[in-house]
Structure formats: C-alpha cells, structure tokens
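Computed from heavy atoms alone, side chains included, the values below leave out hydrogens, waters and symmetry copies.
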Amino acid sequence: MTSAVIPHKSATAPARLPVPLPLPSTAPAKAAHPHAVLDRASRAVLARLTGGVSPFSIQSVWQGWALNLARSPGRQLELVERAQVNAGKVGVLALSHALGREAEAPFRPRSYDHRFAHASWDMPLFALWKQAFLATQDWWEAATDNMPGLRPQDADRVQFQVRQALDLVSPSNFPWLNPEIMEETARTGGRNLMEGTALMTQDLIQTLLQTKRPAPEGFRIGIDLACTPVEVIFRNEMFELIQYAPQTKTVRPEPILFVPAWIMKYYILDLSQQNSMVRYFVRQGFTVFMISWRNPGPEHADWSLEDYRTNGIMAALDVIGAVVPDVKIHANGYCLGGTLLAIAAATMARDGDDRLATITLMAAQVDFAEAGELLLFVDENQVAFVEDFMWDQGYLDRPQMTRTFASIRAEDLIYTRAVNRYFLGKPDLPTDLGVWNGDTTRMPARMHSEYLRGLFLENRLTAGRFAVNGRVIALKDITTPMFVVGTETDHIAPWRSVYKMRLFSDCDLTFALTSSGHNGGILSEPGHIGRHYRIGRRAHGDLYQDPDTWFEKHDSIEGSWWEELSGWLLAASGLAVPATSRPAVRRSPDSATNAPGRYVFD
C-alpha cells in the first residue's frame with residue numbers, strides 16, 4: 001500500500017508512535033491456564049451457534065429477577081391485581097363489541113410500533129386479539145420493572161428479552177390472525193404470498209452466502225451517493241483522506257475535518273445532493289476534508305483504539321497541516337468518531353498541541369453510564385463471549401451488528417418489515433439512507449474489545465482512568481470551543497448521555513438538540529419539513545445545568561440546526577481567502593485516487 005509523500009507529523013507537534021492503550025488484552029492467559037485456547041475455541045463455537053449472544057448472561061439476569069420476585073410478596077400481589085385489571089379491561093371491550101357498542105381501546109401500541117396501524121385492527125375480533133397482546137405486554141413490563149435487590153440494568157435486560165419473545169408471537173406476525181394480510185390475499189388471489197416467498201428466498205440466499213446486494217439504480221456510490229466532487233489526497237493502511245473541491249470563489253482559511261465512525265461508511269455525511277452535509281458546508285465557503293475508514297478484515301484483528309487515534313485522526317491532522325499550513329482546523333466527529341475525537345482532543349490539550357480551532361461532536365458519547373439500550377448487551381459475560389467470537393474470526397462482522405441495532409426496535413425494524421415483504425409481497429423501497437444503512441462494515445477484534453471494556457463496561461474516560469501513552473487524559477483539559485449535538489429519539493447515543501459533555505468539560509460549549517434519531521437528526525438539511533431544534537450556550541466557567549432543566553428553558557426552533565453550526569464556525573474562522581481547486585501537495589504516482597476512493601467499496 002502506497003501513501004502520499006507527506007510528512008507524517010507537523011512541525012510543531014512531537015513525533016507520535018502507535019502505543020497500545022493499557023486496556024485488558026484479549027489474548028489468553030499465559031501460564032496460569034495452559035489450556036485456555038481450548039476453552040476459547042469451544043466458547044467461540046457456541047458463540048457462532050447463538051449469533052454472539054451469551055446464554056450465560058441471559059440465564060444470570062433471569063435467575064436474579066426470579067429470586068428477587070420470589071422474596072417480594074407485595075410485588076407478586078401487585079402483579080396478580082394487574083393481571084385481573086388487564087383481563088377486566090379486555091373483557092369489557094369484548095362485551096361492548098358483543099352488544100354493538102363503541103368502546104375506547106384500553107391499550108395502545110408504542111409510537112414507533114406500526115404493526116397494528118391498519119384500520120382493520122379496530123374491527124371487533126381483530127381488536128380483541130390486538131388488545132389481548134398489548135395487555136400481556138403491559139403486564140410483563142410491570143413484572144420486569146425494577147425492584148429492590150435487582151440492578152436496574154438487569155431489570156432492563158429482562159424486560160428487553162421478554163419484549164423480544166412477545167414480539168415473536170405477536171398476532172400481526174401470523175397470516176391467519178392479521179386482517180391486513182387476509183385482505184391483501186383475498187384481493188390479489190394469493191399473489192402477495194407468492195411474491196413474498198420469492199423475496200424471502202432472495203433474503204435467505206443472501207444471508208447464507210453473505211453476499212452484498214448491489215445498489216439499486218439511482219443509488220450508486222460515487223454517482224448518485226457520495227457524489228460531491230472530491231479527490232483522495234492521502235492513503236495509509238487505515239484510512240483515505242478526501243478533500244472536497246471548493247464551490248465558492250473564496251473560502252475560510254480554517255478547513256473542516258469530518259471524522260465519521262469506522263462502523264459506518266463516510267458517505268452518510270455526503271448522501272444525496274439534497275441532504276449532503278458536506279455539500280452544504282462546501283457551499284458555505286469551507287475547505288472540507290473527510291476520513292474514509294478502511295473496512296477491516298481478519299488481518300487487522302490487532303488494530304487498537306490507539307491505532308485509530310494515531311494512524312487515523314492525528315495522521316489526518318498532519319496531512320491537512322501540510323495541505324493548508326499555518327492555520328487551525330475545525331474538527332467534527334460523528335458517533336464513535338466523535339468519541340475518538342474527544343479522546344484525541346483531550347490528549348492534544350494535555351500535550352500542548354493547539355491545532356484545533358473548534359470541536360463539533362454529533363451524536364457522540366463520552367460518558368457511558370446512561371448509554372441507552374446498547375447497555376442491554378454489555379456485561380462481563382456478554383463482553384467475554386463476544387471477545388471469544390472475535391478471537392475466532394478476527395472481527396465483529398456486519399450481521400452481528402445489524403442484528404443488535406435492529407433488535408432494539410424489533411417491532412418496526414424486524415417484524416413490520418418482515419410482514420410487509422414476506423406476507424404482503426412489498427419489496428423495500430430504495431432510499432439513500434436505506435442503501436447506506438445496508439452498506440455496513442466490520443469492527444477489528446482488539447479495538448472492539450477495548451471499546452466495550454474501557455468505555456462501555458468501565459466508563460474510564462469520564463472516570464479519569466483512560467490513559468494514552470501511559471498517562472491519563474481529562475476532558476476538562478480541553479479549552480477549544482465545542483458545538484455538541486444530540487438527537488431527541490436517539491436509541492444509540494441518547495441525548496441526555498451526549499449532553500453530559502457539559503458536565504465533564506469546562507470550555508465554551510454550545511449544545512443543540514435536534515428532532516428525529518441518530519441518523520435522521522444529523523441529516524437535517526435546510527428545508528427539511530417538520531424538523532426543529534433547541535440550542536443554548538454554556539460559557540466558560542458557568543455552572544452545570546441538568547438536561548431536563550435545560551430542555552425546559554430552551555424553546556423549540558423550526559428549521560435546520562446546520563445553519564446554527566455554520567454561523568458558529570464562521571464566527572470562529574478568519575477572513576475569506578481565494579479558493580484553490582487543487583491542494584499544494586506532492587504525491588507519489590498512484591497515491592491519489594478519483595472520487596470516492598477505494599476503501600468505501602470494501
């Protein structure tokens with residue numbers, strides 16, 4: 001692999017060598033357990049059979065729930081009473097239907113549960129099936145609520161597992177119980193079932209062969225998606241650095257570096273022409289650079305978090321410093337890329353490296369005590385199980401991550417989709433975000449283990465126990481102004497968790513809370529109908545304000561938060577200078593690549 005002929009360190013920064021984080025190693029113990037490899041191999045086989053889900057973890061949380069419920073006669077009595085009340089409500093509804101009277105449904109699905117949206121579910125017989133299911137779901141939610149002696153996280157995990165089981169047996173999943181499927185089958189003469197069977201066969205073959213479905217017409221990468229004019233100016237083993245061509249006669253001297261998460265392809269930030277964040281900022285007069293991460297394979301199993309920092313973010317800063325010398329850089333990190341950017345910024349602050357003009361963190365967590373529903377998958381048993389799984393294949397593969405994210409909203413992301421495809425015969429309508437969402441990547445074994453243990457499981461970063469090059473770092477050392485973005489319905493990085501950057505930092509910080517979820521809230525371009533946001537500034541030295549109080553004190557504003565970020569960046573930038581179409585950098589003959597580079601196609 002060749003790379004651009006560019007100095008790999010700035011003139012003002014000390015030399016950096018990849019030094020592993022002092023996190024627990026995934027290698028088996030040395031002398032104490034001479035047959036540890038045999039143990040890991042056997043556990044890896046079991047992990048493959050269970051899809052990476054630890055049966056020991058499931059057993060332990062259920063055992064804890066059952067023992068605590070057994071010693072709680074008051075809770076048992078409460079559940080008996082709740083069962084009677086729920087049964088009574090469904091019975092009253094059934095009686096009202098029998099007498100031909102209208103009655104209000106006692107139970108309602110969650111806002112994101114679209115399984116019962118069809119009008120026929122309100123017909124008497126189907127309404128009873130629906131209400132009986134929702135009543136059962138309500139009872140189990142109460143039964144698995146937290147109780148003294150049971151860790152709240154374990155109660156949440158039991159509740160999650162119950163929800164998974166109930167979703168599997170929902171009446172909406174069965175053709176003979178679902179009125180929408182019955183109506184469609186009668187209308188088409190069964191053609192919907194035939195077309196659904198064909199779609200199921202396609203999906204089954206793709207799953208078994210692990211083939212990548214080609215992008216549909218109109219959604220090709222580099223042509224329809226990721227199509228903002230660019231040039232790849234640098235490549236190393238870990239990433240390609242993309243520079244976007246200017247679209248204005250003048251540009252601000254400080255460039256923007258976007259750092260996406262390496263569990264996603266970068267073009268989420270350069271999707272279609274109408275919702276490309278990159279295109280928007282290029283047209284605002286900024287020089288924009290983007291990291292395009294390589295999709296790791298088994299040979300990259302030992303890549304660490306420290307490797308991603310030094311050979312990723314720090315290397316990109318060095319290259320940009322050579323392309324646009326003597327100016328500071330606006331750094332923008334998204335999701336896990338934002339977490340890594342915060343680590344890099346804290347390390348730079350500790351070491352006196354002042355190359356960052358501003359820091360923007362989009363849907364990125366630094367504290368994982370309230371990391372949302374992903375915590376349902378993290379405990380010592382589960383992490384050790386995943387480590388054995390990755391030890392066997394060298395990485396966490398796409399299907400495992402896809403199943404994890406989909407199971408959090410199984411009602412909509414799994415079962416509603418399955419009913420539409422396999423029973424109603426409706427193929428998925430292609431969208432730019434849908435195509436990107438299916439273009440998943442892998443996670444190298446060592447990095448993922450360090451991430452799960454050091455951040456999720458032990459929360460080292462905000463606890464003051466996260467070390468880089470043998471010395472701990474602190475977010476409070478960062479003095480660079482920050483713009484932090486959370487999204488209201490984010491179940492991957494909950495906004496209250498993202499908001500905690502205000503608690504662990506002391507710099508000038510602007511926090512914006514935007515509507516929609518983890519991806520949709522970030523892709524909130526001007527003109528997007530129905531989008532709103534809240535925004536507020538915390539000056540250096542101001543006291544902390546809890547998130548709920550902040551929410552109450554900041555009114556909702558209609559429109560796109562991109563305009564707020566653009567104005568904030570412009571205020572932190574110098575006077576405009578003439579734009580140049582090409583970076584002033586020498587390259588080796590094959591180091592540069594046309595858009596959108598090689599790694600995005602891995």
Side-chain angles (χ1 to χ4, degrees), residues 90 93-94 96-98 100-138 163-208 211 213-219 399 402-403 405-438 517 520 529-530:
V90 176
L93 182 66
S96 298
H97 286 166
R101 300 174 182 172
E102 292 187 5
E104 184 177 355
F107 302 99
R108 296 187 180 279
R110 299 179 183 88
S111 59
Y112 53 81
D113 186 355
H114 304 296
R115 291 174 294 184
F116 305 105
H118 195 269
S120 296
W121 280 108
D122 294 327
M123 295 171 60
L125 183 58
F126 301 114
L128 287 180
W129 291 341
K130 166 185 164 183
Q131 289 298 312
F133 172 79
L134 295 176
T136 303
Q137 185 174 263
D138 175 82
R163 195 167 74 233
Q164 299 294 303
L166 290 175
D167 288 341
L168 183 63
V169 298
S170 168
S172 59
N173 296 339
F174 301 94
W176 54 88
L177 298 178
N178 189 323
E180 185 177 5
I181 298 174
M182 293 179 181
E183 290 180 11
E184 186 66 12
T185 302
R187 188 184 70 81
T188 64
R191 189 176 69 251
N192 58 305
L193 297 178
M194 296 176 60
E195 293 173 349
T197 301
L199 291 171
M200 181 183 291
T201 303
Q202 293 175 14
D203 290 349
L204 182 61
I205 292 174
Q206 182 188 10
T207 300
L208 292 175
T211 56
R213 188 172 296 167
E217 189 67 26
F219 297 92
T402 301
R403 284 195 299 266
F405 290 126
S407 64
I408 293 175
R409 291 289 183 267
E411 305 96 322
D412 201 31
L413 299 180
I414 295 178
Y415 295 105
T416 297
R417 178 180 180 271
V419 167
N420 285 334
R421 280 180 68 82
Y422 306 145
F423 293 134
L424 298 178
K426 298 178 181 178
D428 297 333
L429 294 177
T431 63
D432 50 11
L433 189 58
V435 170
W436 170 85
N437 198 51
I529 298 175

Carboxylate-amine/guanidinium contact Glu183 Arg187, below 4.0 Å: no
Exam field: side chain Asn192 to backbone Gly425, donor-acceptor pair closer than 3.5 Å: no
Heavy-atom check, side chain of Leu125 versus side chain of His97, under 4.5 Å: no
Pro109 side chain near Leu134 side chain, heavy-atom distance below 4.5 Å: yes
Point-to-point distance, once rounded to the nearest 0.5 Å, from CG of Asn420 to CG of Leu199: 11.0 Å
Flag, side chain of Gln131 to backbone of Phe107, donor-acceptor distance under 3.5 Å: yes
Side chain to side chain contact (heavy atoms under 4.5 Å, CB included) between Ile181 and Phe174, worked out: CA-CA 9 Å; Ile181 298 174; Phe174 301 94; over 6 Å; no
Side chains of Arg417 and Asp428 in contact at under 4.5 Å (non-hydrogen atoms): yes
CG on Leu128 to CZ on Phe133, rounded to 0.5 Å: 15.0 Å
Side chain to side chain contact (heavy atoms under 4.5 Å, CB included) between Gln137 and Arg110, worked out: CA-CA 11 Å; Gln137 185 174 263; Arg110 299 179 183 88; 3.5 Å; yes
Pair Asn178, Ser172: side-chain N/O donor-acceptor within cut-off below 3.5 Å: no
Shortest non-hydrogen contact between Leu168 and Asn173, atoms and distance: O-ND2, 3.2 Å
Gap between atom CE of Met200 and atom CG of Leu193 - 0.5 Å precision: 10.0 Å
Minimum-distance pair of heavy atoms, taken over all atoms of Leu93 and Ala103: CD1-CB, 3.8 Å
Over all atoms of both residues, closest heavy-atom pair of His114 and Thr416: C-OG1, 4.2 Å
Euclidean distance, Glu195 CD relative to Phe423 CZ, rounded to 0.5 Å: 14.5 Å
Any Glu180 side-chain heavy atom under 4.5 Å of Glu184 side chain: no
Contact summary for Ser170 and Arg115, nearest pair of heavy atoms: CB-NH1, 3.6 Å
Side chain to side chain contact (heavy atoms under 4.5 Å, CB included) evaluation trace for Asp122 with Lys130: CA-CA 9 Å; Asp122 294 327; Lys130 166 185 164 183; 3.6 Å; yes
Plane angle bin for Phe126 and Trp121 - parallel if under 30°, tilted between 30 and 60°, otherwise perpendicular: perpendicular
Minimum-distance pair of heavy atoms, taken over all atoms of Phe219 and Thr431: CE2-C, 3.4 Å
Heavy atoms from other residues, nucleotides or ligands near CG of Leu429 exceed 12 (cutoff 6.0 Å): no
Nearest heavy-atom neighbours spanning Leu177 and Met182: N-CE, 3.7 Å
